[in-house]
Amino acid sequence: MIEKIHLVEKEFKEDIGKISQSKDLEELRIKYLSRKGLISVLIDEFKELPAAEKPKFGKAINQLKNEAQESFNEKKKYFESLSDNAEIKLDLSLPSRRRVIGTKHILSQTLDEMKEIFKGLGFSVHEGPELESDYYNFEALNFPDDHPARDMQDTFFINDKFLLRTHTSPVQIRLMEKQTPPIRAIMPGKVYRNEAISAKSYCLFHQVEGLYVDEDVTFAELRGTLISFVQQFFGKDIKYRFRASFFPFTEPSAELDIWWQPKGKDGRWMEILGCGMVDPNVLANVNIDPEKYVGYAFGMGVERIALRKYGISDIRTFFDNDKRFLIQF
Ligand code: DAH
C-alpha cells in the first residue's frame, strides 16, 4: 500500500510540474482529485483494510491528499493572477500617473542664484549662528551701549546677553576673527526683527552679507561689484540709484535702491541693501590693522529682491507655505 501511495505522489508531482496553461489543470484535477480520481481510489482501498493495518497508512494518504489539493490550488491561483496582471501589463497606452513632488522654495532659488553670481565675482560663502550674543550683533560692529542706532533694529532678546541676530553683519566679525585678509566672502542667512507684521515686513527674513577686506579696497570697487550684481540678477536695464546713508559699522555708508513697478500700480524706489567702507573701529575690534587694511561691506534683503524679481506684492506669502503660491515658481 505504501508503495502505491508513493507512486501516486510521484506521478502527481510530475504531472503538475508539466502544466503550463490553466486549461490543463482541470484534467489534472479529474485524474487525481475527483470522486473517481487516483487519490479517491486509494482512499477507497484504504477503507477496505483490516482495522489493524489502517494506522500505518492513514497518515500518508491524508498527507498526499492535502498536499495534492494545496499544490493544485496554488497553481490555480498562479494562473489567475497571471491573467489579472496580463491586462494591466499589456495596456501600454495608459498615461502614467503624475507624481506630485515639491519644488524648491522661491527664497531658496533666489538665494542660490545670488550665491552663484557672487561666486562668479570671486566671493566665497560662509555662515554663522542665528542665536547671537550682544557683542557680535552690536558691540563689535561699533554700536556703543545706549547708542540710538540700536533702536534701528527691533531686537528679540533672549536675555541680557543673547538675542536672535537682527542682521547677518555679525558673521563679518566672526569671519574676520578667524581669517586674515584678503577676505572676500558673502554670508547668507536668516535674521529676526520684532516688527509689526505687514505686507512689507515680517519677523523673520533673509539677508546676504558681503565683505571684502584687503590692502587697497575702494568705494568705486564696492559700487562696481553691486552694480554688476543687480545687472546680472535683474538684467542690464535695471534702474538703480545709490543714496548716502548711515550705519555704525561703515563710513561712509550708502544704500542702493532699485526701481519697482508693480503691475497696475505706481512705480517707486525700493531699498534693497545697505553698504559702505568698513569702519576702522570694526577692523580694530578684530585685530586687523586699520592702517594697513581697508574693507567694504554690504548687506542685502533677500525677500525684497525676490519681491521685485517675481513681481510679488506681499512678503508674508513667502512664509505662509501655501502650495498654490509656491508651486508657481
Ligand atoms: N546690517 C544692515 C541692516 O541689516 C545692512 C548693512 C548695511 C550691512 C551696511 C552692511 C553694511 O554690511 O555695510 O540693516
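If you read the sequence from its start, that first residue is 1, and numbering goes on from there.
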Output a table of donor-acceptor pairs, distance under 3.5 Å, between side-chain atoms of residues 44-53 and any protein atom two or more places apart or on a different chain; print 'none' if there are none.
{"residue": "E45", "atom": "OE1", "partner": "K4", "partner atom": "NZ", "Å": "2.7"}
{"residue": "E45", "atom": "OE2", "partner": "K4", "partner atom": "NZ", "Å": "3.3"}

Got more than 12 heavy atoms from elsewhere within 6.0 Å of [atom1], [X]?
X: Q231; atom1: CD; answer: yes
X: K200; atom1: NZ; answer: no
X: D266; atom1: CG; answer: no
X: Q328; atom1: CD; answer: yes
X: K76; atom1: NZ; answer: no
X: K31; atom1: NZ; answer: yes
X: R268; atom1: CZ; answer: yes
X: E74; atom1: CD; answer: no

Rounded to the nearest 0.5 Å, what's the gap from [atom1] on [X] to [atom2] on [Y]? Could you check?
X: Y202; Y: D314; atom1: OH; atom2: CG; value: 10.5 Å
X: I272; Y: R304; atom1: CD1; atom2: CZ; value: 9.5 Å
X: Q261; Y: R308; atom1: CD; atom2: CZ; value: 9.0 Å
X: E139; Y: S133; atom1: CD; atom2: OG; value: 8.5 Å
X: M270; Y: L256; atom1: CE; atom2: CG; value: 10.5 Å

What closest approach, in Å, do [X] and [Y] show between heavy atoms, and which atom pair accounts for it?
X: P248; Y: N142; answer: O-ND2, 2.9 Å
X: D279; Y: E251; answer: OD2-CB, 3.9 Å
X: V230; Y: I238; answer: O-CG2, 3.8 Å
X: A60; Y: I5; answer: CB-CD1, 4.0 Å

Go through the steps for K13 and E9 under the test salt bridge (Lys or Arg N to Asp or Glu O under 4.0 Å), then give the verdict. CA-CA 6 Å; K13 279 188 180 157; E9 187 184 357; 3.4 Å; yes
Angle class for the W259/W269 ring planes (parallel below 30°, perpendicular above 60°, tilted otherwise)? perpendicular
On the 0 to 90° scale, with breaks at 30° and 60°, tag the H167-F143 ring pair as parallel, tilted or perpendicular. perpendicular
Would you check if [X] and [Y] make a side-chain contact, meaning some heavy-atom pair closer than 4.5 Å?
X: L28; Y: L25; answer: yes
X: F57; Y: I2; answer: yes
X: K65; Y: I43; answer: yes
X: T250; Y: M277; answer: no
X: R165; Y: V171; answer: yes

Check whether Y136 forms a cation-pi arrangement with R174 (NZ or CZ under 6.0 Å from the six-membered ring centre, at most 45° off the ring normal). yes
Among F249, F219, Y212, the one residue meeting ring pair (Phe, Tyr, Trp, His ring centres under 6.0 Å) with Y296: Y212
Measure centre to centre between the rings of F123 and F229, then say whether the value is under 6.0 Å. no
Do the ring centers of Y32 and F12 come within less than 6.0 Å of each other? yes
In a check of side-chain contact (heavy atoms from CB on, under 4.5 Å) between M187 and each of V125, L211, V208, which one passes? L211
Checking the side chain of Q109 only, and the main-chain atoms of K104 only, is there a donor and an acceptor separated by less than 3.5 Å? yes
